[in-house]
2 protein chains.
Amino acid sequence: MSQASNGTRVVDQARDALAAYVRSAPEGSKLPPERELAQKLGVSRTTLRDGVSRLALLGLLEVRHGDGTYVRSPDATQLALPFRSLLEYNPEAPSELLALKRLLEPALAATAASNATDEDVAALRAAIQHERSELLRYSDRRRVPRRQPARRSLESLMVAAAGSSLVGTLVGLATELLRPTLSERLPPAFRQLAVEQRGAIVEAIAIGEPDAARGAMELHLNTLAKALDAVDQNLAPTREAAGVAGAALA
Amino acid sequence: MSQASNGTRVVDQARDALAAYVRSAPEGSKLPPERELAQKLGVSRTTLRDGVSRLALLGLLEVRHGDGTYVRSPDATQLALPFRSLLEYNPEAPSELLALKRLLEPALAATAASNATDEDVAALRAAIQHERSELLRYSDRRRVPRRQPARRSLESLMVAAAGSSLVGTLVGLATELLRPTLSERLPPAFRQLAVEQRGAIVEAIAIGEPDAARGAMELHLNTLAKALDAVDQNLAPTREAAGVAGAALA
DNA sequence: CCCTGGCATAGGTCCGACCTCTTCTGCTAC
DNA sequence: GTAGCAGAAGAGGTCGGACCTATGCCAGGG
């Protein structure tokens, strides 16, 4: 195992024992009560709780007050926590997240285009259709309402279509961290263009053309970057970025 | 502040209070003892320790047994922890890490070529020279000795030259996680080629040619990927990967 | 001058008690 | 018979205090 794990501290042993326990347990299963588990591992409940807390922070466990502790599979949402604290210090975070997406997502879209199943394509189209209908319904309001948690984003579906890889996890992470900034700072008029660009990505994936998907994604992210830059300089972003997108589409 | 922070749990309040404390404290400063700090925040020492443990896991604090708790600035090393646990499950981790590096590092090398100062270049050349001498000294041994902690890797210097960005952090992270696998699974004969390829990258950065740096980095990573694939299939990697590198150099 | 030993202080672990929340159960009222 | 509420049971959350162990510092002896 990793050499960073061992140590003379009891809590590390407890954490490793717990990690081994969790590894062999099925997703969603319930752990024994803390008192019982502590006795079984030969440590105090305080120490056990410390170890549980660390694994919970890593997303391997979910602790529910009054109910129990459950085995979870870590995903981007859990990993977002450490990154969030890191990015809170940095005012450049949005542009850096976007830069990261520009490096990763074109490749991810290409992979998705090669691997997507019919079900993936159906889900992607449904997501786009949902975005379109949402756009129509709330086009006259300033604030976009809270999106339904059940509805997965285009990015997460793309990640699924490309296969759950490290790159996919990072893309999901960056997307989640960037989402609030985009919805706050970009004018609503931009959503129309963004949705259509995302639709183009989906269709490129649907017909299984990696290069087309890559190009469509690059175009989309370039547009977003331009818009964000314009907002940063207190300019009206609509004209310039829309012009860029239009020229590229022609 | 983040809405994920608040909650009815005492430990969350303590953690937030601590985070605020840490934010305003200078790097390297020492926190008050746990007993005192717990009383000051109005929570028990158990709860305070839980909060401290979480911030330590995020890399914002460093706890030293018998000494004290110190304020730290989070870096890639700290962020590596959650990722390490995530990647321990995945046997495909090395190839995925390498895939990530292939997406990020060429761009990073290009940026470094545009931004590197004379001091950066000097440090990069020194790092390469050190790798060369190390190669000579230990060329007849199987194991490469533990590298000096004071000596920074080519990657971390490149990150510094490119400016400390999110992409740089991720590259440093991937490099650190991948290092043990590479040193274990790649034959020692490969180090000679790798060092020379890295030297080419450094010289491209030195003369300020982004495209050359990008290309040199792509070549280096392609070679690594080929070699790793060959090892995975229990083949002798030297011939094939060296051939690829030679062809690309011609 | 260096080394060594011990003391003060810091974090690490344990215990046992109590609090709060969730769930389930069984009684009660309609 | 069913809907709804109250209580019990059991889970995690918090507490305070005791003791263990590692570190840093300083005095004393070589």
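Lettering of chains follows the sequences in order, A, B, ..., and the numbering in each one begins at 1.
For the atom pair CG (B/Leu31) and CG (B/Leu18), the distance works out to 6.5 Å, reported to the nearest 0.5 Å. Atom-to-atom distance recorded for A/Ser95:OG and A/Leu224:CG is 13.0 Å, nearest 0.5 angstrom. To the nearest 0.5 Å, atoms CG (A/Leu61) and CZ (A/Arg72) are separated by 9.5 Å.
Bracketed by its first and final contacts, the part of DNA chain D lying under 4.0 Å from non-hydrogen atoms of chain A reaches from D/dG10 to D/dT14 in 5' to 3' order.
Between A/Leu103 and B/Leu103 there is no side-chain heavy-atom pair separated by less than 4.5 Å.
At a threshold of 4.0 Å, the pair B/Asp16-B/Arg23 does not count as salt-bridged, since none of the basic side-chain nitrogens sits closer than that to a carboxylate oxygen.
Checked by atom type and distance alone, the side chain of B/Ser53 never pairs as donor or acceptor with a backbone atom of B/Arg49 at under 3.5 Å. Between the side chain of B/Asp50 and the backbone N or O of B/Thr47 there is no donor-acceptor pair closer than 3.5 Å.
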Task: Protein-to-nucleotide contact annotation, 5' to 3' order, nucleotides 9-14 of chain C [B base; S sugar-phosphate only; - none; under 4.0 Å, heavy atom] - done: -BBBBB
